[in-house]
Amino acid sequence: MTQPPGVEVRNPRQYSLVANGRLFPRAPFHFDGTFFKQSHFPNRLDHWTPGLFYQTIRIDNMLLGVKCRDTSQGREPSIELSVYYPSPIQDSVVSKTLDEIAFRYDLHADLAEFQALADRDTTFTDVFKRWKGMRASTQYSLYELLVVGLVLQNTQVRRSVQMLETLTQRFGTLVEFDGVELWSIWLPEDLSAVDEEELRALKIGYRARSLKRFSEQFSSGLIDEVELRRLDDDSLKRELLKIYGVGPETVRIIMSEAFHRPGVFAHIAPWQQKIYSRLFYNQEIVPTERIIDDINRQFGRYSALAVHYIWEDVFWRRRNEYIDWLEAEIRL
DNA sequence: CATCAGGGCCCTG
DNA sequence: CAGGGCCCTGAT
């Protein structure tokens with residue numbers, strides 16, 4: 001494969017094990033559903049096998065490698081977390097890493113109220129049972145998730161994969177630990193000296209403008225992810241929409257996965273509408289307003305989370321069985 | 001070869 | 001608030 005200009009092959013940074021820790025998610029907990037999202041397009045930023053998940057994470061200006069292993073016993077959820085880095089790290093860094101992982105995967109979430117709503121549902125009984133304890137979650141920081149959201153915009157999966165690959169190879173970092181090679185997304189300030197034309201040369205099209213602009217918003221300190229976590233749903237949405245290149249669909253993804261707001265289900269993209277229509281009504285097409293109303297009526301403060309369960313489930317099913325109507329809508 | 005739409009968003013009128 | 005335009009790419 002020929003690379004666009006500016007992209008070169010790099011050797012991975014070698015990391016070794018420097019710390020271990022343990023996390024105790026609130027029960028019920030579903031490791032695989034929470035750590036690995038089957039609906040996401042394939043990339044090289046993480047590595048999953050059942051009960052095991054690898055990723056990178058930035059803590060205190062360090063780019064760490066992290067391995068999470070499911071060590072749950074019966075009804076007692078637990079995760080063993082291993083941290084990898086080229087040199088020893090302080091205990092404070094380890095505890096920050098544990099806290100950040102716990103937040104990103106919403107490990108302390110109280111799902112009791114959601115579970116009660118799910119138990120009352122008669123259409124997706126098996127789905128809610130299969131994924132009991134799953135969170136709407138993400139491995140990414142807000143900035144990283146925005147980059148992923150950006151390459152998703154107005155294109156097909158194949159090109160999204162291509163754009164993210166090109167960008168990470170040009171600006172990201174490759175690390176190797178525990179026998180796994182992973183790319184990580186750059187920092188917003190890494191693009192400060194890069195102009196829009198240079199980004200366009202990487203074939204990301206008009207997204208170059210958004211990437212440039214929102215990276216500046218981040219590196220200038222205008223957006224503070226930790227601060228945003230404190231806001232109520234409406235304020236958070238308002239702040240997110242101020243980010244250049246963020247509209248209703250990207251907000252939906254971010255609110256659900258990065259900020260764990262299970263009740264925000266107010267937007268359905270056209271391709272999702274077709275899939276929801278099939279899943280919820282077994283019809284070709286149902287008006288989005290009706291879908292939104294119905295879901296909100298049934299699942300209230302957990303409408304987005306409920307849809308997340310059904311959405312992920314259909315993509316997991318797709319791994320094993322061929323669902324023809326779904327294939328037609330997904331398009332690689 | 002041309003045209004078009006795709007896992008949105010910005011901007012304009 | 002509806003609708004045009006936008007980088008690219010593969011499908012038709």
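The model shown is predicted, which means the values in this text are computed figures rather than measured ones. Each chain gets a letter, A, B and so on, in the order its sequence line appears, and its residues count up from 1.
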*asked:* Between B:dT12 and C:dC7, how far apart are the two P atoms, rounded to whole Å?
replied: 15 Å
*asked:* Looking at A:Phe265, I'd like to know if the NZ or CZ of A:Arg252 sits under 6.0 Å from its six-membered ring centre while staying within 45 degrees of the ring's axis.
replied: no
*Using a 4.0 Å heavy-atom cut-off across all strands, classify A:Pro248 as base, sugar-phosphate, or nothing.*
sugar-phosphate
*Give DNA chain B the dot-bracket treatment, 5' to 3': Watson-Crick (N1-N3 with N6-O4 or O6-N4) or G-U (N1-O2, O6-N3) under 3.5 Å, [ ] crossing, | other strand.*
.|||||.||||||
*Write down the distance separating the P atoms in C:dC1 and B:dG7, rounded off to the nearest Å.*
28 Å
*Check for a donor-acceptor pair, side chain of A:Arg207 on one end and backbone N or O of A:Gln153 on the other, with a separation under 3.5 Å.*
yes
*asked:* For a 4.0 angstrom threshold against heavy atoms of chain A, report the outermost contacting nucleotides of DNA chain C in 5' to 3' order.
replied: C:dC6 to C:dG10
*Any side-chain donor near an acceptor of the partner, A:Arg209 and A:Tyr244, under 3.5 Å*: yes
*So which one's nearest nucleotide on DNA chain B is more toward 5', A:Thr155 or A:Arg213?*
A:Thr155
*asked:* Students often get this wrong, so: under 4.0 angstrom with heavy atoms, is A:Arg200 touching a base, only sugar-phosphate, or nothing?
replied: sugar-phosphate
_What is the separation between atom OH on A:Tyr206 and atom P on B:dG6, rounded to the nearest whole Å?_
12 Å
*Parallel under 30°, tilted from 30 to 60°, perpendicular over 60°: which one fits the rings of A:Phe114 and A:Tyr302?*
tilted
_Pairing donors with acceptors under 3.5 angstrom, does anything connect the side chains of A:Asp32 and A:Trp48?_
yes
*With no hydrogens and no angle check, do the side chains of A:Gln156 and A:Ser160 hold a donor and an acceptor under 3.5 Å apart?*
no
*For A:Phe41, answer base if it contacts any base atom (sugar-phosphate contacts may also be present), sugar-phosphate if it contacts only those atoms, and nothing otherwise; contact means non-hydrogen atoms under 4.0 Å.*
nothing
*How is A:Ser39 classified with respect to the nucleic acid when contacts are heavy atoms under 4.0 Å: base, sugar-phosphate, or nothing?*
base
*For A:Trp186 and A:Tyr143, test the side chains for any donor-to-acceptor distance below 3.5 angstrom and give the result as yes or no.*
yes
*What does A:Gly205 touch in the nucleic acid at a heavy-atom separation under 4.0 angstrom: a base, only the sugar-phosphate, or nothing?*
base
*asked:* Return whichever of A:Trp311 or A:Ser210 has its heavy-atom-nearest nucleotide of DNA chain B closer to the 5' end.
replied: A:Trp311
*For the pair A:Phe128 and A:Phe124, name the ring-plane relationship: parallel under 30°, tilted 30 to 60°, perpendicular over 60°.*
perpendicular
*Considering the options A:Glu198, A:Glu196, A:Lys203, which one meets the side chain to side chain contact (heavy atoms under 4.5 Å, CB included) requirement together with A:Arg200?*
A:Glu196
